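Reviewing the structure listed below.
These figures come from a predicted structure and were not determined experimentally. For reference, positions follow the sequence shown, starting with 1.
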Amino acid sequence: MIFQPPRLVPIGGMRTPEGLPQAEARLELGPAVRVRFAPSPTGYPHVGNIRTALFNWLFARHGRGVFILRIEDTDVARKVEGAVEAIMAGLKWLGLDWDEGPFLQSQRLDIYEKHARWLVDNNHAYYCWCSPQRLEAMREEQVRRKQPPGYDRHCRDLSDKEKAERAASGVRPVVRFKTPLEGQMVFTDLIRGEVAFDNSTLDDFVMLKSDGYPTYHLANVVDDHLMRISHVMRADEWLSSTPRHKLMYQAFGWELPQFAHLPMILGPDRSKLSKRHGATSITEYQEQGYIPEAMFNFLALLGWSLDDKTELMSREQIIESFTIERISKTAAIFNREKLDWMNGAYLRQMSSGEYAARVLPFMEKHLPASAARPLDAAYLAKVIPLVQERARTLAEVPSLTDFFFGGDLVYETALLTSRTMDAAKAVEALKSAAAVLGPPENWNETKLEELLRAEAVRLNFSNRDYFGVLRVAVTGRTASPPLVPVMVVLGREQCLERVKSALRKLGVTA
Ligand code: GLU
């Protein structure tokens, strides 16, 4: 990590309008990089949201800066119960710690109101009393005439008399920004380069609603300024809001932060990422047995890369090499198989003790009731290494290992036979295996393996057939970890019991 000595930095806007909070007009000893993650709690945080959080966090940590959490909860109608907690839990799970916040915009309403009023007083904004009915009729008319949608500026140039009348009517107005009718808004996006919007395409958007709540635009800009955000790094979908934001910065006389709009995340079919592709809430990944280290690595590569080949990278390596220049301009593809592969790779690297500790909650929760609780730690320590190589997620482990934990196996008799193994042959193989499993002195891995192989040869079975039928008898399934180690963990009695039970299924009663 490169050491950056603290230095004096000018904070936020230089020219603070009279009558507004002065917090920004001072010099402070502090880091130059200040970024924020500003989710709206309108749902549970999904992959896209968390990738935005991660990139901001990485940028802050790389630059020894500050990462701020700000909850943009001013859309009361769309607020989802529990979403704030889920956002914070998701960040914590991935280890994305914040240095300041969480700030809740709903607790800062007076600040936005004050700023909206200042804009009105300084002729950058105006009150609008248009009724919902009038706006609806306006919209219908625009559709009919095939005109672009947008407010028709009805209240923009009301005379003082008209304003006074409307104010006296008791109808609570909204505050709209007075967008210049001509000209262009040009800004440089750190990822996309120069971006330009014609002001004529922007309407006089609402900044403050009639209930006193700010819209996203107002609250976002005011807070980015007051919180002295140096870089606004956010999802691509906000790009078209940026010219409006720049207009507001100009109206306030504030310095513009840098902008970086992150590439979209698409599904493998290149359509917008949806639940179908796995864009579920981040907590679901946790429940599905993905581990935060793998998720962190995977998300970091959604739109950022070190080079065109390195996939597995530690947290420290990613922090070290995370720069905006390496963020891609083109959309990232969310590939669930890659996540599974990566998760499996992280799981295999883990020490067996660590692995056992992480998988335990999944075992407690998902193993059948036949596995006595609390689970026997010593027994688990023998079982778990047998699947560590195989499982891609921790949640798979209980179902890969449930046969270690129960008395009677439930499986179809048909599994014991196959095209090359009719019932008579299956009986022959299982009887010979039982003879090998009987003597206690045969019970070590090497010896069992040797004796069973010799039996297969003697009876002219392929290994596949011989071990196949034994595997079904002992585990109840056609695929399992290596059979002999499995049997050694299960133990002599249980294996013999299961082989006998398989023989009974095949009609052998003795
Ligand atoms: N509240 C917005 C969101 O939910 C934040 C956009 C921004 O970062 O400016 O994504």
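- A donor-acceptor contact shorter than 3.5 Å is absent between the side chain of N56 and the backbone of A53.
- Ion pairing of D223 with R108 is present here, as a side-chain N (NZ or NE/NH1/NH2) and a carboxylate O approach within less than 4.0 Å.
- Note that the CZ atom of R244 and the CG atom of L218 stand 14.0 Å from one another [nearest 0.5 Å].
- No option in F37, F59, F55 other than F59 meets the ring pair (Phe, Tyr, Trp, His ring centres under 6.0 Å) test with H231.
- The CZ atom of R70 sits 11.5 Å away from atom CD of E100, with the distance rounded to the nearest 0.5 Å.
- At a cut-off of 3.5 Å, with distance as the only test, no side-chain donor of Q184 or N199 sits close to an acceptor on the other residue.
- The residues R61 and D99 are annotated as salt-bridged, a charged nitrogen and a carboxylate oxygen being separated by less than 4.0 angstrom.
- The shortest side-chain heavy-atom distance between M227 and D224 does not fall under the 4.5 Å cut-off.
- Annotation: F252 is not in aromatic contact with H225 [ring centroid separation under 6.0 Å not met].
- The shortest distance between side-chain heavy atoms of M342 and L312 falls below 4.5 Å.
- In terms of heavy-atom proximity, T310 sits nearest to L306 at OG1-CD2, 4.0 Å.
- D198 and T201 share no side-chain donor-acceptor pair at under 3.5 Å.
- With 3.5 Å as the limit, one finds a donor-acceptor pair spanning the side chains of T242 and R234.
- Counting only N and O atoms by type, the side chains of H62 and S321 include no donor and acceptor under 3.5 Å apart.
- Using a 4.0 Å cut-off between charged side-chain N and carboxylate O, R477 and D402 make a salt bridge.
- Each of W341, F334, Y346 was compared with F298 under the ring pair (Phe, Tyr, Trp, His ring centres under 6.0 Å) criterion, and only F334 meets it.
- Using modelled atom types, one finds a donor on one side chain and an acceptor on the other under 3.5 Å when comparing S271 with D269.
- Screening residues 367-405 for ring pair (Phe, Tyr, Trp, His ring centres under 6.0 Å), with sequence neighbours left out, gives Y379-F405.
- Salt bridge present: R373 and E364 bring a charged side-chain N and a carboxylate O closer than 4.0 Å.
- Distance alone, capped at 3.5 Å, is enough to place a donor-acceptor pair between the N343 side chain and the I291 backbone.
- S281 and T283 are linked by a side-chain donor-acceptor pair at a separation below 3.5 angstrom, with hydrogens and angles left out of the test.
- Screening R156, K178, R176 for a salt bridge (charged side-chain N to carboxylate O under 4.0 Å, His left out) involving D204 leaves a single residue, R156.
- Put simply, the side chain of T188 never gets that close to the backbone of G193: no donor and acceptor are under 3.5 Å apart.
- A side-chain donor-acceptor contact under 3.5 Å links R51 to the backbone of L302.
- Interatomic distance, CG of L360 versus CG of L375, reported as 6.5 Å (0.5 Å rounding).
- Annotation: side chain of W57 is in contact with side chain of I319 (closest heavy-atom distance under 4.5 Å).
- The only option from Y216, F259, F187 that meets the ring pair (Phe, Tyr, Trp, His ring centres under 6.0 Å) definition with H245 turns out to be Y216.
- Rounding to the nearest 0.5 angstrom, the gap separating the CG atom in L483 from the OG1 atom in T475 is 7.0 Å.
- Between C130 and H154, the shortest heavy-atom contact is SG-CD2, 3.8 Å.
- The two atoms that bring S106 and T74 nearest to each other are N-CG2, 4.5 Å, heavy atoms only.
- P214 places none of its side-chain heavy atoms less than 4.5 Å from the side chain of M207.
- A donor and an acceptor atom, one from each side chain of S230 and R34, are nowhere located under 3.5 Å apart.
- M88 and P102 make their closest contact through SD-CG, 3.8 Å (heavy atoms, listed as atom of the first residue, atom of the second, distance).
- Ion pair R192/D236 flagged as a salt bridge, since at least one NZ, NE, NH1 or NH2 atom sits closer than 4.0 Å to an Asp/Glu carboxylate oxygen.
- Counting only distance, with no hydrogens or angles, the side chain of Q388 and the backbone of L347 share a donor-acceptor pair below 3.5 Å.
- Looking at heavy atoms from C-beta onward, W238 lies out of side-chain contact with N220 at the 4.5 angstrom threshold.
- Among all heavy-atom pairs drawn from F296 and L58, the shortest one is CZ-CD2, 3.9 Å.
- Under a cut-off of 6.0 angstrom, the local environment of CE in M264 is sparse, with at most 12 non-hydrogen atoms contributed by other residues, nucleotides or ligands.
- Other residues, nucleotides and ligands place more than 12 heavy atoms under 6.0 Å from the CD atom of E136.
- Residues N297 and E293 fail the side-chain proximity criterion, which asks for heavy atoms closer than 4.5 Å.
- Using a 4.5 Å cut-off on side-chain heavy atoms (C-beta onward), F197 and V195 make contact.
- Other residues, nucleotides and ligands contribute at most 12 non-hydrogen atoms within 6.0 Å of the CZ atom of R392.
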Stepwise, does the salt bridge (charged side-chain N to carboxylate O under 4.0 Å, His left out) test hold for E311 with K338? CA-CA 10 Å; E311 303 268 32; K338 181 169 162 184; 3.0 Å; yes

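- Using modelled atom types, one side-chain atom of K329 and one backbone atom of I191 make a donor-acceptor pair closer than 3.5 Å.
- With a 4.5 Å cut-off on side-chain heavy atoms, V80 and P41 do not count as touching.
- Between atom CD of residue Q288 and atom CG of residue D340 there is a gap of 9.0 Å, rounded to the nearest 0.5 Å.
- Atoms CG and CZ, on D110 and R117 in that order, are 10.0 Å from each other to the nearest 0.5 Å.
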